[in-house]
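Hydrogens, waters and symmetry mates play no part in the numbers below; they use all other heavy atoms, side chains included. Heads up: numbering here begins at 1 and tracks the sequence. The structure displayed is predicted, hence computed values, not measured ones.
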Amino acid sequence: MAVSSYTVLNSSCLSALDADNNRLTRSEHYGENDPHIQAFAFGELMENQATVKGLSAFSAEQEAQALRKAMKGLGTDEDAIIETLTKLNVSQRQQVLITYKSTIGRDLIDDLKSELSGNFERVIIALMTPTTMYDVHELRRALKGAGTDEGCLIEILASRTNAEIRHINENYKLQYGSTLEDDIVSDTSSMFRRVLVSLATGNRDEGTFVDEGLAQQDAQHLYEAGEKKWGTDEVQFMSILCTRNRCHLLRVFDVYRAIANKDITESIKSEMSGDLEDALLAVVKCLRNKPAYFAERLYKSMKGLGTDDSTLIRVMVSRSEIDMLHIRREFLATYGKSLHSFIKGDCSGDYRKVLLRLCGGED
């Protein structure tokens with residue numbers, strides 16, 4: 001093997017791994033296809049960081065009856081609905097959905113919609129939606145709702161793995177008859193559109209191989225595409241940031257800093273603007289530290305006047321079974337206040353109660 005190429009994790013990968021509070025003795029002990037290394041290469045944590053884990057002993061019929069009881073007759077027992085649905089994981093909720101219909105002869109989603117309202121209803125229906133279909137619905141709303149929700153498009157496409165994006169594409173076409181790519185093309189424009197189309201292919205290299213020579217070359221190309229020239233070669237940024245593997249890009253960012261004397265994010269901010277800037281920054285942030293990216297999304301959804309409920313609900317629901325504990329740690333470290341206290345101060349009623357259950361506790 002040439003000296004310039006190596007399959008072990010580079011120093012950027014190892015330091016990021018350390019920051020994730022995980023411990024690998026040395027990466028050389030693991031093969032490139034080892035699931036631990038692969039999970040890290042995708043920016044995911046190896047330990048269970050979920051706040052919603054599901055029940056080990058579980059009766060779908062019992063939970064279905066509990067939900068029926070909560071909605072039957074006069075008034076609705078919202079606390080019982082929250083208690084039941086937040087102790088189950090998404091797979092168990094799907095079993096309850098089927099059992100509810102077979103044992104009670106009614107549609108659970110219809111019953112929930114008729115009994116609940118507002119943002120509380122949105123959270124509960126989101127919890128009842130299979131993971132991939134929830135992303136599909138959110139992308140469709142972002143593209144075809146009232147105005148384009150660029151933030152939602154960026155968040156989902158920049159943070160999901162190749163396999164997740166492939167499943168999204170398949171289900172999107174089945175659900176709506178058009179492809180996700182076609183809808184992105186018809187609803188967005190220019191370079192931002194090209195970045196989203198690239199991310200929507202789900203074709204990023206997900207290996208851990210770092211070619212030192214190529215890393216040097218990529219860093220130089222990024223520098224020459226932006227800081228070194230009048231104007232910006234945005235295609236060069238897109239082709240490198242949207243296709244290379246995580247470990248390789250972490251090395252590229254280190255080399256870039258040495259060449260340009262500034263961080264890649266600073267260059268993106270000075271060279272790009274608007275949605276394109278937001279998209280490429282999200283890509284870099286997700287590569288470096290996905291929980292920190294989601295902590296920022298949550299913070300921005302609640303700070304200042306008004307609440308971006310769509311983002312708040314989507315992140316709380318979609319990350320509760322993946323890395324919410326880590327997001328909470330990043331939130332506290334970055335903003336000096338707990339996620340729990342932010343939600344408590346920003347939301348109210350049953351909406352607040354269910355979000356706090358997904359948050360999983362005070363830090």
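When atom types are taken as modelled, the side chain of Asp323 and the backbone of His326 share no donor-acceptor pair closer than 3.5 angstrom. Distance alone, capped at 3.5 Å, is enough to place a donor-acceptor pair between the Asn169 side chain and the Ala200 backbone. For Arg140 (side chain) and Tyr172 (main-chain N/O), no donor-acceptor pair under 3.5 Å exists by modelled atom type. Without hydrogens or angle criteria, Thr129 side chain to Ile125 main chain gives a donor-acceptor distance under 3.5 Å. The backbone N or O of Ile268 lies less than 3.5 Å from no partner atom in the side chain of Glu271, so there is not a single donor-acceptor pair. Under the 3.5 Å distance criterion, the side-chain polar atoms of Arg193 are matched with a main-chain donor or acceptor of Thr188. Remark: the backbone N or O of Leu298 is paired with a side-chain donor or acceptor of Ser301 at under 3.5 angstrom. Put simply, the side chain of Asp183 never gets that close to the backbone of Leu143: no donor and acceptor are under 3.5 Å apart. Of the possible polar contacts, one joining the Ser341 side chain to the Ser338 backbone as a donor-acceptor pair under 3.5 Å is found. In this structure a side-chain-to-backbone donor-acceptor pair under 3.5 Å is missing from Gln49 to Ile322.
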Fill in: CA sep, side-chain torsions, deciding dist, call: Lys337, Leu332, side-chain contact (heavy atoms from CB on, under 4.5 Å)
CA-CA 5 Å; Lys337 289 182 78 173; Leu332 184 62; 5.6 Å; no

Worksheet item: Given Phe294 and Ser159, is the side-chain contact (heavy atoms from CB on, under 4.5 Å) satisfied, shown in steps?
Response: CA-CA 9 Å; Phe294 284 115; Ser159 67; 3.6 Å; yes

Discussion item. Evaluate Arg122 against Asn119 for side chain to side chain donor-acceptor pair (under 3.5 Å), listing each step before the verdict.
Written reply: CA-CA 5 Å; Arg122 290 175 69 190; Asn119 286 322; 3.1 Å; yes

Worksheet item: What do the steps show when you test Gln175 against Asn171 for side-chain contact (heavy atoms from CB on, under 4.5 Å), and what is the final call?
Response: CA-CA 6 Å; Gln175 182 81 7; Asn171 284 278; 5.9 Å; no

Practice prompt. Apply salt bridge (charged side-chain N to carboxylate O under 4.0 Å, His left out) to the pair Asp79 and Lys353, showing each step before the final yes or no.
Written response: CA-CA 8 Å; Asp79 287 345; Lys353 282 183 192 172; 2.9 Å; yes

Discussion item. The test is side chain to side chain donor-acceptor pair (under 3.5 Å); show your working for Gln216 and Gln220 and say whether it passes.
Written reply: CA-CA 6 Å; Gln216 298 281 342; Gln220 188 65 40; over 6 Å; no

Practice prompt. Could you walk me through whether Thr103 and Gln65 pass the side-chain contact (heavy atoms from CB on, under 4.5 Å) test, one step at a time?
Written response: CA-CA 9 Å; Thr103 59; Gln65 293 297 337; 4.1 Å; yes

Practice prompt. Applying side chain to side chain donor-acceptor pair (under 3.5 Å), run through Thr265 and Asp263 and close with a yes or a no.
Written response: CA-CA 5 Å; Thr265 55; Asp263 190 70; 2.6 Å; yes

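Minimum interatomic distance between Glu138 and Cys152 (heavy atoms only, all atoms of both residues): O-SG, 3.6 Å. Shown here for Leu112 and Met128, the closest heavy-atom pair between the two residues is CD1-CG, 3.9 Å. Contact record, Glu121 with Leu116: OE1-O, 3.1 Å, taken as the closest heavy-atom pair. Residues Met324 and Val315 approach most closely at CE-O, 3.9 Å, considering heavy atoms. Smallest separation of non-hydrogen atoms from Arg106 and Tyr100: O-CD2, 3.3 Å. Closest heavy-atom contact between Tyr293 and Cys286: CD2-SG, 3.4 Å.
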Pair up each side-chain donor or acceptor in residues 51-61 with any protein partner under 3.5 Å, not counting sequence neighbours, and list the distances.
residue	atom	partner	partner atom	Å
Thr51	OG1	Ser320	O	3.3
Thr51	OG1	Leu358	O	2.5
Ser59	OG	Gln62	N	3.1

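One finds a salt bridge joining Glu296 and Lys300 here, because a Lys/Arg side-chain nitrogen approaches an Asp/Glu carboxylate oxygen to under 4.0 Å. A salt bridge links Asp363 to Arg328: one of the charged nitrogens lies within less than 4.0 Å of a carboxylate oxygen. Look at Arg251 and Glu212 and you find a salt bridge, because one of the NZ, NE, NH1 or NH2 atoms lies within 4.0 Å of a carboxylate O, short of that distance.
None of Thr76, Asp77, Leu67 except one satisfies the side-chain contact (heavy atoms from CB on, under 4.5 Å) rule with Glu115; the exception is Thr76. Partner of Glu155 under the salt bridge (Lys or Arg N to Asp or Glu O under 4.0 Å) criterion, out of Arg314, Lys285, Lys290, Arg319: Arg314 alone.
Within a 6.0 Å sphere centred on CG of Asp110, other residues, nucleotides and ligands contribute more than 12 heavy atoms. Atom NZ of Lys344 sits in a sparse spot, with 12 or fewer heavy atoms from other residues, nucleotides or ligands closer than 6.0 Å. Within a 6.0 Å radius of NZ in Lys262, other residues, nucleotides and ligands contribute more than 12 heavy atoms. The environment of CZ in Arg194 is sparse: at most 12 heavy-atom neighbours from other residues, nucleotides or ligands sit within 6.0 Å.
Remark: aromatic rings of Phe342 and Tyr335 are distant, center separation not under 6.0 Å.
For the residue pair Ser267 and Tyr256, a side-chain donor N or O sits within less than 3.5 Å of a side-chain acceptor on the partner. Of the N and O atoms on the side chains of Asn245 and Glu206, not one donor lies less than 3.5 Å from an acceptor on the other residue. A donor and an acceptor atom, one from each side chain of Asp218 and His248, are located under 3.5 Å apart.
Under the 4.5 Å side-chain heavy-atom criterion for grouping Ile, Leu, Val, Met, Phe, Trp and Tyr, Val235 is connected to Ile184 within one hydrophobic cluster. Under the 4.5 Å side-chain heavy-atom criterion for ILVMFWY residues, no single connected hydrophobic cluster contains both Ile156 and Ile165. Cluster annotation: Leu157 and Tyr134 are assigned to the same hydrophobic cluster (Ile/Leu/Val/Met/Phe/Trp/Tyr, side-chain heavy-atom contacts under 4.5 Å, transitive).
Taking the side chain as every heavy atom from C-beta outward, Val90 and Leu127 never approach each other to under 4.5 Å. No side-chain heavy atom of Thr334 sits less than 4.5 Å from a side-chain heavy atom of Tyr299.
Remark: Glu164 CD to Thr132 OG1 distance equals 7.5 Å, nearest 0.5 Å. With rounding to the nearest 0.5 angstrom, the OG1 atom of Thr99 is 9.0 Å from the CD1 atom of Ile104. Once rounded to the nearest 0.5 Å, the distance linking CG of Leu339 with CE of Met302 reads 5.0 Å.
Taking the six-membered ring for Trp and thresholds of 30 and 60 degrees, His137 and Tyr176 have ring planes more than 60 degrees apart, a perpendicular arrangement.
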